[in-house]
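Remarks on the structure that follows.
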2 protein chains.
Amino acid sequence: MTDNPTPPTLVEHITASFERLTATEKRAARALLDNYPMAALGTAAGFASEAGVSAPTVLRLVDKLGFSGYADFQARLREELEARLQSPLQRSGSGPRESESEAHFLHRYAAQACENVMNTVRRLPATEIEAVGALLMDERRRVYLLGGRFSAALAKSFHAHLHAVRGNVQDISGQSAAWPEYLLDMRSRDVLVVFDFRRYQKDVIGFAEDASGRGATVVLFTDQWRSPAAKVAGHVLSARIDTHSRWDSAVAPLLLVEVITALVTDHRWDSIQARIKQLEGLQTQLQRHPE
Amino acid sequence: MTDNPTPPTLVEHITASFERLTATEKRAARALLDNYPMAALGTAAGFASEAGVSAPTVLRLVDKLGFSGYADFQARLREELEARLQSPLQRSGSGPRESESEAHFLHRYAAQACENVMNTVRRLPATEIEAVGALLMDERRRVYLLGGRFSAALAKSFHAHLHAVRGNVQDISGQSAAWPEYLLDMRSRDVLVVFDFRRYQKDVIGFAEDASGRGATVVLFTDQWRSPAAKVAGHVLSARIDTHSRWDSAVAPLLLVEVITALVTDHRWDSIQARIKQLEGLQTQLQRHPE
DNA sequence: CGGTATTCGTATCAAATATTACAGTGATTG
DNA sequence: CAATCACTGTAATATTTGATACGAATACCG
């Protein structure tokens, strides 16, 4: 064993050695990381079956990690667990030496995303979220969803969930040829949810303007710099999209979508429950896997 | 075993039964309470010697507590430990005396999402992300994206970005009728990216298995409980999806998608730049609004 | 003071578990 | 296309561990 001055945690050690592992060993390692450290506190065979591998694979894994046996491995596991339980909850898992610039891209990205989320919700009036939620709960209003080239995925996610809890929801992203028809059908009670982020798409903005002109209520998801469509929007939900990458992040926008979905779902859950049960019944092929 | 409406914790159970114990049994019980639950996570003999009693005493203790054996006792112990490990990562960071229950749903949801993100990236070997990135950079490999009912939005987002930086990317979500054809075309260099989350979809899993059988490399995005498709996946990226809502959160999974997108994009940026410029040129009619 | 009952540890046994050997399988390379 | 190599599960083995019977020790009661 190497005697580092600051011994790495087991999680770090595993992730560091990860590439040296074989495919099946990785599966076992991942199972452990996924529910650490519980997965390995029982017997090796139990751990193995839970990970979907054989016991010897688990044994080979702990051997590769440098332990002299499964017992040794578990001892180390419990040792760390004890330390973690005693100090209430500080840096659970990762060390303090994690210098900002040294951290892997993955971690920097994640930190940035969390900042985006926090900055987004902090600046967002709760009443705005609730107002949009209330709007979408109203089944008398037809709901149209529209996203741009990249934000169409957000519209799609929103549509999948909204459609599960209420009717009269349509995702019209992309089908710009059919837009005029939708426009014709639009009544003043209806709601158009628009996703428009940096590099704001002219056609999307134009459609929002037209819909607004016909009396529809426009709900706009955009970034902190605000799409021009904000001018005709009844509600604007702006989210942070900063990244260390060349693309913008949709994490914070997605969070807003999910929150509103949750609000709409949880409110009047009783009347929705039946619909979902029924819907799940129709999807018997989506069953959970037996064991 | 016991089906109490409000199951008492083990600690409560022990203190309640404390008086019924004999002197040395009490010594063992105290040892456990003193550093709970670590003391009993090892072998019964280890626990005994640590408590200064003999192994049979420990066995008699767990018997008196109503367990059917030491294994049963440990199972319960781990069960509680798991619950305890999952919760205590809350009030980390933000609001002063912002009471947990008082905070608006929006903020609670955001905090949970950030936890999900952090817990996801912490447990994810950086090499795994990079391996997937490397796979997708290889333009000789055709890439197929497949998501389920709700996760199709992730596939769509991934597709939009991947397709912007390379060719031979197809999103085949939903079009299950056409799957056999795609299967026929699949070569052993090809990559199938599967999104499969809780309520794992049988048809998606089946397709992943078939693709794997035909030699394709399967990359699986799933949750911490892992889709059965993990068995045939060459790479598994599991993300946390916990929420305070009735739906699962796709925030952490989206983050992983974005990180990989960033890696693929940033790597070999030069060769990609031309493609993007060209692509943007073709979309001049969709472009930025004057203002 | 003697007898009895409870308690506790030692020794033993049986069951569960880790470990190792081995062979089948698939992938890789020449 | 053959041959080799690496990988992984099955099965056999060795070891550990939980469980139990028994006897020594102590406290308690008559």
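Every chain is numbered from 1 and lettered A, B, ... according to where its sequence line falls, protein lines coming before strand lines.
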Contact class for A/Ser54 vs. all strands (heavy atom < 4.0 Å): base, sugar-phosphate, or nothing? base
B/Arg123 and A/Asp34: CA distance, side-chain angles, deciding distance, salt bridge (charged side-chain N to carboxylate O under 4.0 Å, His left out) verdict: CA-CA 7 Å; B/Arg123 303 174 129 89; A/Asp34 276 348; 5.7 Å; no
B/Asp63 CG to D/dA19 P: how many Å, rounded? 9 Å
What is the separation between atom CZ on A/Arg20 and atom P on D/dC7, rounded to the nearest whole Å? 11 Å
Quick one: on DNA chain C, does A/Gln74 or B/Ala55 contact a more 5' nucleotide (nearest heavy atom)? B/Ala55
How would you give the extent of chain A contacts on DNA chain C, as first and last nucleotide 5' to 3' within a 4.0 Å heavy-atom cut-off? C/dT17 to C/dT20
So which of B/His163, B/His161, B/His159 actually passes ring pair (Phe, Tyr, Trp, His ring centres under 6.0 Å) with A/Phe150? B/His161
Please tell me if A/Thr24 has a side-chain N or O lying less than 4.0 Å from either OP1 or OP2 of D/dT8. yes
When all nucleic acid strands are considered with a 4.0 Å heavy-atom cut-off, which category describes A/Ala23: base, sugar-phosphate, or nothing? sugar-phosphate
Among B/Arg142, B/Arg141, B/Arg214, the one residue meeting salt bridge (charged side-chain N to carboxylate O under 4.0 Å, His left out) with B/Asp190: B/Arg142
B/Arg60 CZ to D/dG18 C1', in whole Å, measures 13 Å
Between B/Gly52 and A/Val62, name the one whose nearest nucleotide on DNA chain C is closer to the 5' end. B/Gly52
Min side-chain heavy-atom separation B/Phe195-B/Pro253 under 4.5 Å: no
In whole Å, what is the span from the CG atom of A/Leu59 to the C1' atom of D/dT15? 13 Å
Would you say a side-chain N or O of A/Thr22 is under 4.0 Å from OP1 or OP2 of D/dT8? yes
Using a heavy-atom cut-off of under 4.0 Å over every strand shown, decide if A/Thr43 touches base, sugar-phosphate, or nothing. sugar-phosphate
Give the rounded distance in Å between these two atoms: CG of A/Leu61 and C1' of D/dG9. 16 Å
Rounding to a whole Å, what distance do you find between B/Phe47:CZ and D/dT16:P? 22 Å
Should the ring pair B/Phe221 and B/Phe158 be called parallel, tilted or perpendicular, given that the plane angle runs from 0 to 90° and is split at 30 and 60? perpendicular
Using a strict cut-off of less than 4.0 Å between a Lys/Arg side-chain nitrogen and an Asp/Glu carboxylate oxygen, indicate whether B/Glu80 and B/Arg76 qualify as a salt bridge. yes
Rounded to the nearest angstrom, tell me the gap between atom CZ in A/Arg27 and atom C1' in D/dG9. 11 Å
Expected list for residues 52-60 of chain B: side-chain donor-acceptor pairs under 3.5 angstrom, two or more places apart:
unit_1, atom_1, unit_2, atom_2, d
B/Ser54, OG, B/Thr57, OG1, 3.3

